[in-house]
Participant: 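Starting off with a structure, shown below.
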2 protein chains.
Amino acid sequence: MTVQKQQTKRPLRADSERTVRAILEAAERVLAANPAATMEQLARAAGVARTTVHRRFATREALLDELTDWAARQFAEAVDAARPDAAPPLVALYQITANVLRVKTDWSFAMNRPVEDSHPEAARMHAEVRATCVRLFCRAQEAGVLRPGIDLDWTRRVYYALIHEAAKEGAGGEDIDALATRVVDTLLRGAGAPGGLAGA
Amino acid sequence: MTVQKQQTKRPLRADSERTVRAILEAAERVLAANPAATMEQLARAAGVARTTVHRRFATREALLDELTDWAARQFAEAVDAARPDAAPPLVALYQITANVLRVKTDWSFAMNRPVEDSHPEAARMHAEVRATCVRLFCRAQEAGVLRPGIDLDWTRRVYYALIHEAAKEGAGGEDIDALATRVVDTLLRGAGAPGGLAGA
DNA sequence: ATTACTTGCAACACCAATGTTGCATGTAAT
DNA sequence: ATTACATGCAACATTGGTGTTGCAAGTAAT
């Protein structure tokens, strides 16, 4: 009698998984706007009672941890889906940008939080993405897409920042492809005039 | 007897002003790292007792409000000091960048907080700076420094983001001028190769 | 030394968020 | 109908941060 539902994840009444997702999504959304949001607020935003949240996540910390891991996973998947090590650098760059923008219109919370301590899993994923990104930029450099001699880690950080900025705009239901184009274009060409005085 | 120190701001024992500054600076620094920091933590970071903080700022909200205004003021001053409407666009751009980087190694807190509501003073200052920035970019565009037809507000946001990113690095005691150069260079030229495939 | 002022420290009341429990309700399987 | 599960609700204890007060000590003027 103990095990009559044979499935691995036991869907059972089938709502549990969905509820967790709803909570995590609501948490990401609300915490991005207000990092000090109450459990009550998170619960309300997810459409459940506060006690239900506590049933799923023993403590607030536990919820934040799960959220951090979950966001990192989505982030990594969005990057990997673009075949960053196989596709031509420019194509991969564009694809990654679009994928990331699509997955999360705004990361601000789970992304910008100190993930280094006590989150080995998330930290690993972020580091991996970072490495993938630098690898891609390196290929791009060899292909003549990126200027030679440029600081690749600085470039990566600028890239992150551009995506972040574009994501804010994306909340208004803009066209993802247009945003991705703008990000890549800005990253590569900047805002200066072609024959400009930039070298002065 | 009531007024024997005639000065407008009554320096008196002369420490009060200094203490307030120390508290605000510490608050900015600590809150940037942890927006949920305790009054106790802020006090310790400022090198004073918690009660002293409460003597200067009736409530936590009051402290945050003052901090917001204070940061906005410094921001505005850093920009104005560069004569953004008089100096040649490129010079002004560089000067603003350096000034801002010098004044605040990290804004993240006072800058990225919802300043629109209940902070009319700070909101006004930020709006003014934003306008000044766009005006400068407009002049830069006319001077052939910025590409014609480019979205000036997007450019401004990218500029802010670049400064923000450079500021993180600046914490490590890097050379301000080198950072400013990098920011301006990245803003104008991006990271792509000159004759690159960027137009593809 | 006295005065004016500020700070640190300890103690306190207060409150809001956290985390817990029990119970009634609802729903989908059996 | 019964079983198995999940939820909402109300009530509760606990905790940690906030804001207050009183007092002793320290410092710079007079």
Side-chain angles (χ1 to χ4, degrees), chain A residues 1-27 29-68 109 113 118, chain B residues 1-27 29-68 109 113 118:
Chain A
M1 289 294 224
T2 50
V3 179
Q4 62 198 101
K5 302 302 178 187
Q6 67 294 347
Q7 254 64 5
T8 58
K9 288 293 184 134
R10 47 194 293 250
L12 286 174
R13 199 56 76 266
D15 276 4
S16 22
E17 281 293 318
R18 181 162 300 173
T19 302
V20 172
R21 271 187 68 100
I23 294 176
L24 288 174
E25 282 169 5
R29 186 159 25 90
V30 174
L31 289 171
N34 171 25
T38 296
M39 293 292 271
E40 177 71 35
Q41 293 175 269
L42 301 186
R44 284 291 173 88
V48 299
R50 188 172 65 93
T51 46
T52 300
V53 177
H54 275 112
R55 281 194 196 93
R56 299 299 170 195
F57 306 95
T59 162
R60 178 177 232 267
E61 261 309 297
L63 170 57
L64 296 200
D65 288 2
E66 273 265 349
L67 180 61
T68 302
F109 182 73
R113 89 181 293 243
S118 76
Chain B
M1 289 296 225
T2 50
V3 179
Q4 64 198 99
K5 301 303 177 186
Q6 68 295 346
Q7 254 64 5
T8 59
K9 291 290 185 137
R10 46 196 293 253
L12 285 173
R13 199 56 76 269
D15 275 5
S16 21
E17 280 294 317
R18 180 162 298 173
T19 302
V20 172
R21 272 187 67 101
I23 293 175
L24 288 175
E25 282 169 5
R29 186 159 24 89
V30 173
L31 289 172
N34 171 25
T38 296
M39 292 292 271
E40 177 71 36
Q41 294 176 268
L42 301 186
R44 285 290 174 87
V48 300
R50 188 172 65 93
T51 46
T52 300
V53 177
H54 274 113
R55 280 194 198 95
R56 299 298 171 196
F57 307 94
T59 162
R60 177 178 234 267
E61 262 309 297
L63 170 56
L64 296 201
D65 288 1
E66 273 264 350
L67 180 60
T68 302
F109 182 73
R113 89 182 293 243
S118 77

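Residue numbering restarts at 1 for every chain, and letters A, B, ... go by the order of the sequence lines.
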Participant: Check this for me: does the side-chain of A/Arg55 come within 3.5 Å of the base of D/dG8 through a donor and an acceptor?
Facilitator: yes

Participant: What's the CD-P distance between A/Glu40 and D/dA10, to the nearest Å?
Facilitator: 11 Å

Participant: Side-chain N or O of A/Thr52 less than 4.0 angstrom from OP1 or OP2 on D/dG8?
Facilitator: yes

Participant: Tell me what B/Thr51 touches on the nucleic acid: a base, only sugar-phosphate, or nothing, going by heavy atoms under 4.0 Å.
Facilitator: base

Participant: Per the end-axis method with five pairs at each terminus, what is the bend angle of the helix from C/dA1-D/dT30 to C/dT30-D/dA1, to 10°?
Facilitator: 20°

Participant: Using a heavy-atom cut-off of under 4.0 Å over every strand shown, decide if B/Arg50 touches base, sugar-phosphate, or nothing.
Facilitator: base

Participant: What is the distance from CE of B/Met39 to P of C/dG8, rounded to the nearest Å?
Facilitator: 14 Å

Participant: Taking only side-chain N and O atoms of B/Thr59, does any of them lie within less than 4.0 angstrom of OP1 or OP2 on D/dG19?
Facilitator: yes

Participant: Measure from the side chain of B/Val48, starting at C-beta and using heavy atoms only, and say which of D/dT7, D/dT18, C/dG8 lies closest.
Facilitator: C/dG8

Participant: Mind checking whether A/Val48 and A/Val53 have side chains closer than 4.5 Å, heavy atoms only?
Facilitator: yes

Participant: Nearest whole Å is fine: how far is C/dA16 P from A/Gln41 CD?
Facilitator: 13 Å

Participant: On a heavy-atom basis, which atom in B/Ala22 and which in B/Ala46 lie closest, and how many Å separate them?
Facilitator: O-CB, 3.8 Å

Participant: Measure the distance from CD on A/Glu61 to P on C/dG19 and round it to the nearest whole Å.
Facilitator: 9 Å

Participant: Is any side-chain heavy atom of B/Val20 closer than 4.5 Å to one of B/Phe57?
Facilitator: yes

Participant: I want to verify a distance call: between D/dT7, C/dT18, D/dG17, whose nearest atom is closest to the A/Thr38 side chain?
Facilitator: C/dT18

Participant: Rounded to the nearest angstrom, tell me the gap between atom CZ in A/Arg18 and atom P in C/dT27.
Facilitator: 16 Å

Participant: Nearest whole angstrom, please: distance from the C1' of C/dA17 to the CZ of A/Arg60.
Facilitator: 9 Å

Participant: On a heavy-atom basis, which atom in A/Ala37 and which in A/Leu42 lie closest, and how many Å separate them?
Facilitator: CB-CD2, 4.0 Å

Participant: Going by salt bridge (charged side-chain N to carboxylate O under 4.0 Å, His left out), name the residues that satisfy it together with B/Glu25, two or more places apart in sequence or in a different chain.
Facilitator: B/Arg21

Participant: Looking at B/Ala58 and B/Ala62, what are the two nearest heavy atoms and their distance?
Facilitator: N-CB, 4.4 Å

Participant: If I take atom CZ in residue A/Phe57 and atom P in nucleotide D/dT7, what distance separates them, rounded to the nearest angstrom?
Facilitator: 11 Å

Participant: Apply side chain to side chain contact (heavy atoms under 4.5 Å, CB included) to B/Leu63 and B/Met39, showing your working.
Facilitator: CA-CA 10 Å; B/Leu63 170 56; B/Met39 292 292 271; 4.3 Å; yes

Participant: Between atom NE2 in A/His54 and atom P in C/dG19, what is the gap in whole Å?
Facilitator: 4 Å

